[in-house]
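I have placed the structure first, in the form of structure tokens, so that the comments after it can refer back to it.
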Amino acid sequence: MTIYIIRRLLMGIPTVLGVLFILFSLFFWIAKPEHIAVKALGEKARAEQIEQWIQDHGYNLPKFYNDSCSGWQRITETRLCQFYRSMLSFNFGRSDLDDISIVEKIHDGMGPSLALMVPVFIASLVAAISISLFVALFRGTYIDRFALILCVVGMSIVYFVYIIGGQYYLGKVLRWYPISGWSSQHMIHFLTLPFIVGTIAGLGESVRFYRTIMVNEIGSDYIRTARAKGLGDAAILFRHLLKNAMIPILTRLVMAIPFLFTGSLLLESFFGIPGLGRLTVEAILNNDFRTISAMVYISSLLYIAANLLTDISYTLVDPRIRLQ
Amino acid sequence: MLLAFKNINHITERNVAIGILVLTVTALVHIFRHPFWGVRLRGFFRRPLAIMALIIALLFFATAWMDAIAWKDAMAAGAEGVSLDARESRSLLDRTFACFAGVPEYEYRERSYSAPLADHEFVDTDIQLTYRHLMGTSQTGHDTLFKILKGCKPAVVIGTLPLIVAIPLALLFGITAGFFGGRTDDLVVYLYTTLASIPGLLLMIALITVLGQGLLQISVGLGVTGWIGLCRLVRGETLKLRELEYVQAATCLGVPPGRIIMRHILPNLMHIVVITAILAFTGLVLTESVLSYIGIGLEHSWGAMIDHARGELAREPVIWWNLVFASSALFVLVLCVNVVGDAVRDVLDPRVTVHD
């Protein structure tokens with residue numbers, strides 16, 4: 001098991017290096033440093049200012065190979081190498097935009113993101129699994145068909161409409177919750193509406209997903225045996241069915257964990273929550289490549305970790321699976 | 001290189017649209033004559049809900065197609081005293097709309113907002129409107145119904161063009177990885193795990209910000225991120241197919257790998273491709289609206305309309321029609337394609353046998 005984990009971690013290294021190379025080529029190879037400088041300093045910046053800015057931020061170095069140095073420095077004194085060094089040591093430097101340290105920004109944004117996404121994650125999980133168990137119990141009847149249609153309808157609505165609809169109806173017409181805003185003292189006050197919207201918006205898709213699994217399982221032999229033994233519905237559903245349906249459920253759950261940290265791009269920027277999702281959207285809108293690449297790097301690290309975690313969790317729910 | 005394609009002129013667009021129509025009709029005729037596909041797809045027509053959804057979806061596609069057929073009026077272009085709008089190329093959709101409205105579509109507008117079917121302007125209630133608008137008008141006075149109809153083309157194009165990038169990529173990489181195995185497989189798996197570990201939306205946004213805005217750029221961005229899922233499925237299926245008896249028999253008989261792939265592997269993958277493509281269409285259309293919000297979407301799309309209309313709900317009195325009609329158009333198209341996709345999946349799934 002330990003050997004397996006170590007091997008998987010080692011296998012993650014080339015992936016991380018590949019991700020970093022993609023990021024580098026996207027942002028620093030194709031995009032010209034002059035453009036970044038102009039974006040940061042404004043259109044009216046003088047030529048010398050731009051020159052100075054490029055020097056200060058290390059954008060003047062050659063990309064892959066430095067001819068003016070000797071020995072190893074030919075490779076280390078390049079932008080590619082510096083990019084790798086700063087990313088791998090988590091020393092992201094300062095934002096190109098407002099000169100605030102990116103690590104600090106991420107540190108500040110993580111709290112609000114987690115405060116929003118963890119409740120949404122738990123609530124939508126509980127809701128989706130209970131609804132899908134209920135629907136699976138009535139499979140083939142009108143309840144099932146009606147629920148399926150509702151799911152497809154829910155999946156076909158754009159995310160915005162949930163957000164705008166929630167803000168309009170619950171915020172403006174009923175005046176139950178503030179439309180958007182943030183204050184760390186009254187967190188629950190501001191987080192309730194995005195929580196409701198975020199939970200409902202993902203429900204259609206996940207109920208359908210879980211229903212397919214449940215219906216597949218409910219037709220199997222062990223359920224018939226359990227019924228023949230005279231077990232009640234509750235015991236069958238929760239003790240037998242849920243246990244066997246655990247693998248696809250776990251895959252889906254663990255893969256959602258990275259998004260708990262990186263936050264939701266749309267929810268946060270619509271509701272004015274100063275989390276990591278909004279940080280990313282702002283970085284995108286302002287072409288702040290350093291911040292975007294830091295965010296992408298962190299989320300891909302989390303993704304790789306989640307992938308490993310999924311495989312490990314399989315052994316916990318299904319003793320037949322052995323990792324090698 | 002991509003920037004050179006930024007402005008596709010109306011003549012190219014028209015030729016492409018006619019070409020697509022001819023290709024689709026030919027393909028459909030062939031598919032329905034095919035022993036497997038014909039029987040399977042006829043099962044589709046026994047589902048009333050799916051047929052209804054298909055008809056509505058086809059209406060959207062037809063509107064988009066009509067919008068792609070554009071030409072300039074030879075008379076208007078040369079004549080004196082003709083407005084600039086009349087000299088532009090006008091599509092079949094514009095002309096049909098003008099027929100129903102009774103005036104050319106560029107004159108069928110007001111000064112500013114007006115509610116659906118109102119006869120007075122919305123903000124200045126003293127001002128009488130020239131026309132009645134079924135779905136009201138936007139802030140600049142453009143007819144909302146017309147804007148919705150014009151939004152069909154971007155929606156349909158953004159739903160299909162990335163697939164033209166993604167499907168060949170996925171098939172090429174998936175089949176070679178699955179069929180040849182070994183080092184090739186390792187390389188392809190590495191490639192797609194690396195791409196998959198970057199969050200899709202962020203990679204897409206990054207690609208589009210770097211490539212620049214425009215239809216082709218967005219399609220490339222969506223296509224590059226979209227092939228991964230399909231590639232995974234194709235690779236897995238090819239691994240399974242490679243071990244089947246008829247493929248082994250072909251290998252023993254000395255059939256070259258290229259022909260095995262074309263004759264034995266590819267046809268058996270097509271149902272996966274068709275199902276994924278139909279369901280990916282809806283995902284792409286929805287993603288475009290998110291891109292519109294970030295400001296890198298397509299012009300005149302429904303996503304852009306929703307984005308513009310966001311602030312209108314905060315006004316007093318509420319201006320609801322732009323938002324409601326744009327999102328309903330998006331909703332209806334996506335819903336119909338979802339229903340069609342589900343029906344096609346049920347029909348094509350090889351685990352279900354059809355007796356015909």
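Chain letters run A, B, ... following the sequence lines, proteins first, then strands; residues in each count from 1. None of the values given here were measured: they were computed from a predicted structure.
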Which atoms of A:I157 are under 4.5 Å from chain B, going by heavy atoms: the side chain, the backbone, both sets, or neither? both
Under 4.5 Å from any heavy atom of chain B - which part of A:V152: both
Sort by residue number and list every residue of residues 165-179 of chain A having at least one heavy atom under 4.5 Å from chain B. A:Y168, A:K172
Within residues 296-304 of chain A, which positions have a heavy-atom distance to chain B below 4.5 Å? A:V296, A:S299, A:S300, A:Y303, A:I304
Please list, chain by chain and in numerical order, all residues satisfying ring-ring contact (aromatic ring centres under 6.0 Å, His included) with A:F83, sequence neighbours excluded. A:F24, A:F28
For residues 283-296 of chain B, run the donor-acceptor check on the side chains, cut-off 3.5 Å, and write out each pair with its distance to 0.1 Å, sequence neighbours left out.
{"from": "B:T287", "atom 1": "OG1", "to": "B:G283", "atom 2": "O", "distance (Å)": "2.6"}
{"from": "B:E288", "atom 1": "OE1", "to": "B:S301", "atom 2": "OG", "distance (Å)": "3.3"}
{"from": "B:E288", "atom 1": "OE2", "to": "B:S292", "atom 2": "OG", "distance (Å)": "3.2"}
{"from": "B:E288", "atom 1": "OE2", "to": "B:L298", "atom 2": "N", "distance (Å)": "2.9"}
{"from": "B:E288", "atom 1": "OE2", "to": "B:S301", "atom 2": "OG", "distance (Å)": "3.0"}
{"from": "B:S289", "atom 1": "OG", "to": "B:L286", "atom 2": "O", "distance (Å)": "2.6"}
{"from": "B:S292", "atom 1": "OG", "to": "B:E288", "atom 2": "O", "distance (Å)": "3.3"}
{"from": "B:S292", "atom 1": "OG", "to": "B:A304", "atom 2": "N", "distance (Å)": "3.3"}
{"from": "B:Y293", "atom 1": "OH", "to": "A:S269", "atom 2": "OG", "distance (Å)": "3.1"}

Please rank B:L323, B:V334, B:L333 by heavy-atom pairs under 4.5 Å with chain A and give me the top one. B:V334
Most chain A-contacting option - heavy-atom pairs closer than 4.5 Å, from B:I306, B:T282, B:L191, B:V318: B:V318
Identify the residue among A:I22, A:N307, A:V19, A:V16 that makes a side-chain contact (heavy atoms from CB on, under 4.5 Å) with B:S197. A:V19
Calculate, to the nearest 0.5 Å, the distance between atoms [atom1] and [atom2] belonging to [X] and [Y] respectively.
X: B:L202; Y: A:M295; atom1: CG; atom2: CE; answer: 7.5 Å
X: B:I198; Y: A:L23; atom1: CD1; atom2: CG; answer: 5.5 Å
X: A:M11; Y: B:T193; atom1: CE; atom2: OG1; answer: 8.5 Å

Which residue out of A:V161, A:L17, A:L266 racks up the most heavy-atom pairs below 4.5 Å with chain B? A:L266
Max heavy-atom pair count under 4.5 Å with chain B, selected residue of A:V153, A:I163, A:I149: A:V153
Could you tell me if the side chain of B:R310 sits less than 4.5 Å from the side chain of A:F270, heavy atoms only? yes
